[in-house]
Novice: 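Handing you a structure now.
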Amino acid sequence: MLDINLIRENPELVRKALRDRQDDPAPVDSILALSEKRRAVLNQAEALKGQRNAVSKEISKMKDAAQRQEKIEAMREVGDQISALDRETAQIESELHELMSRLPNIPDERAPYGKDDSENVVVKTVGEPRAFDFTPLPHWDLGPALDILDFERGAKLTGSRFYVLQKAGARLQRALIAWMLDLHVRQGYQEEYLPFMVKTATVFGAGQLPKFADNLYKDHEEDLYFVPTAEVPLTGLHMDEIMDESALPRYYTAYTPCFRREKMSAGRDVRGIKRGHQFDKVEMYIYCKPEESEAMHQKMLADAEETCALLEIPYRVKQLCTGDLGFGARLTYDLELWAPGCNEWLEVSSVSNVGDFQARRANVKYRPADGGKVRFAHTLNGSGLGLPRALIAVLENYQQADGSVVVPDVLRPWMGGADVIAP
RNA sequence: GGAAGGAUGGCCGAGCGGCUUAAGGCGCAUGUCUUGAAAACAUGUUUGGGCAACCCCCAACGUGGGUUCGAAUCCCACUCCUUCCGCCA
């Protein structure tokens, strides 16, 4: 959510943000009009309420019954007017809120301008792709050959885009999750186990509602949403709270499955396990003061990079252009792991500075130690990392000519010491 | 799923139609006193909105409606919490 005062004071800044994101700037004008109307109606209502409060006080002190009755009649009239104005205000506010909740965040001035993901900027590339003396297989061949990945049974159980991991495949994913959580704890994050189903207000707070309802799974009977990312419950953790300044920054990490309908991505990435309706992810999340969020962003990026580096898989860092930036993000770095089998860079992490955008939605504030006015916190989120793709990268980079897969050093303690996955 | 009780400020807790934004206590902040601290005393201590304005005004006692000139207080619905029963990994 943007600050309505910012929109009123600098509407052109907001229009530009929308244009840079390849969105329509028109809602800004509707918002300005509604906001003016709201203030006009509110002023009328408040003047009448002030009058009513004063007269009610008089009535309570009046002795003369006739005079008293006269005032009561007059106030009955005023009361009706107030109700009408209150209804009008509520109507205007609900329209205003609807429009405001669909406005994306304003990109940081450092975010490069670009129309879509083709204009993202590669910031750096780390590590050399391994030289193979055989043709590396894509994971959708490698996995079934090792009998650790079963697409047919996934489809049988649920449908397309679902799969079953078996034996060392299932364990390798669990090893990655456990290793990454432990790594993030060492990096200073506090581990959380969170609900995988959340209520509407929680999803709204993180920014997925109302605009992205299409992409969410929902239990309509209970009015609960399945989390599309741990970012949602992690944002909700401090919803409607005012923290002491000394409590910031707060670092969280959590593993959750993620559920996404991916309606808009139907037809993309249909082979393999790159894009499914259910996937696992370990997430990092930080709440901090505005003035430290840039430093926190750099820390989180470094922490996500460390995850890639320790796996000893080539990766690159991209800065997202304005046209590809997520709804709530001001500035985002994507991390991509090289996958020699499917021959592409796989996005495994998105590290974003959200500014106060989610904090405004979820009402997360802090009280400055100097006794100043309460302020909205800043929030940052980043994957560390998305699971199916990290799994793909491990399998494809560590495969050998005989079809086996070497277990990366860092994961061996979680694989019962095994150094190789063989058929 | 059934039954009972409950939800008030950072915390505890009173209020049960107008004198209540809210008694009292705790905590916290500032001041007086003190060599310093403690104690004592004094003062202050919510959030959001309107406004040029921390002058003032409006709103908020779980949430949403209703009754009334006026609601923390009365009525209705809902949510959550606690306890007991049932079911269950």
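FYI, side chains are in, hydrogens and waters are out, and symmetry mates aren't considered; it's all heavy atoms of this structure. A, B, ... follow the sequence lines: proteins, then strands. Residue 1 opens every chain.
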Novice: Near A:E292 CD, under 6.0 Å, is it more than 12 heavy atoms from other residues, nucleotides or ligands?
Specialist: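 Yes.
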Novice: Given B:C69, B:U47, B:C57, which nucleotide is nearest the side-chain atoms of A:R367?
Specialist: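 Looking only at heavy atoms from C-beta outward on A:R367, the closest nucleotide is B:U47.
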Novice: In this structure, how many angstroms lie between the P atom of B:C57 and the CG atom of A:L85, rounded?
Specialist: 20 Å
Novice: Nearest-nucleotide wise, let me know which of A:E93 and A:K49 is further upstream toward the 5' end of RNA chain B.
Specialist: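 Here A:E93 is the residue nearer the 5' end.
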Novice: Taking B:A42 as the reference, what is the distance to B:C78 when you measure between their P atoms (whole Å, please)?
Specialist: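 Here B:C78 and B:A42 have their P atoms 49 Å from each other.
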Novice: Does the side chain of A:K365 get closer than 4.0 angstrom to OP1 or OP2 of B:G48 through an N or O atom?
Specialist: yes
Novice: Is A:K57 atom NZ crowded by more than 12 heavy atoms from other residues, nucleotides or ligands, each under 6.0 Å away?
Specialist: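 Count not over threshold, so no.
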Novice: On the nucleotide B:A59, are OP1 or OP2 found under 4.0 Å from the side-chain N or O atoms that A:N53 carries?
Specialist: yes
Novice: Checking contacts here: which listed nucleotide (B:U47, B:G50, B:C69) is nearest the side-chain heavy atoms of A:R39?
Specialist: B:G50
Novice: If you only use heavy atoms from C-beta on, which nucleotide in B:G49, B:G70, B:U47 is closest to the side chain of A:R38?
Specialist: B:G49
Novice: May I ask you to check whether A:T253 and A:H184 show a side-chain donor-acceptor distance below 3.5 Å?
Specialist: no
Novice: If you take atom types as modelled and just measure distance, does the side chain of A:R87 reach the base of B:G65 with a donor-acceptor pair under 3.5 Å?
Specialist: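 There is none.
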Novice: Could you tell me which nucleotide pairs with B:C11 by Watson-Crick or G-U wobble geometry, both distances under 3.5 Å, or answer none if nothing does?
Specialist: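 Looking at the geometry, B:C11 pairs with B:G25.
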Novice: Should the pair A:H297 and A:Y333 be assigned to parallel (<30°), tilted (30 to 60°) or perpendicular (>60°) ring geometry?
Specialist: tilted
Novice: Among the nucleotides B:C51, B:C69, B:G49, which one has an atom lying closest to any side-chain atom of A:S56?
Specialist: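 Of all the options, the side chain of A:S56 is nearest to B:C69.
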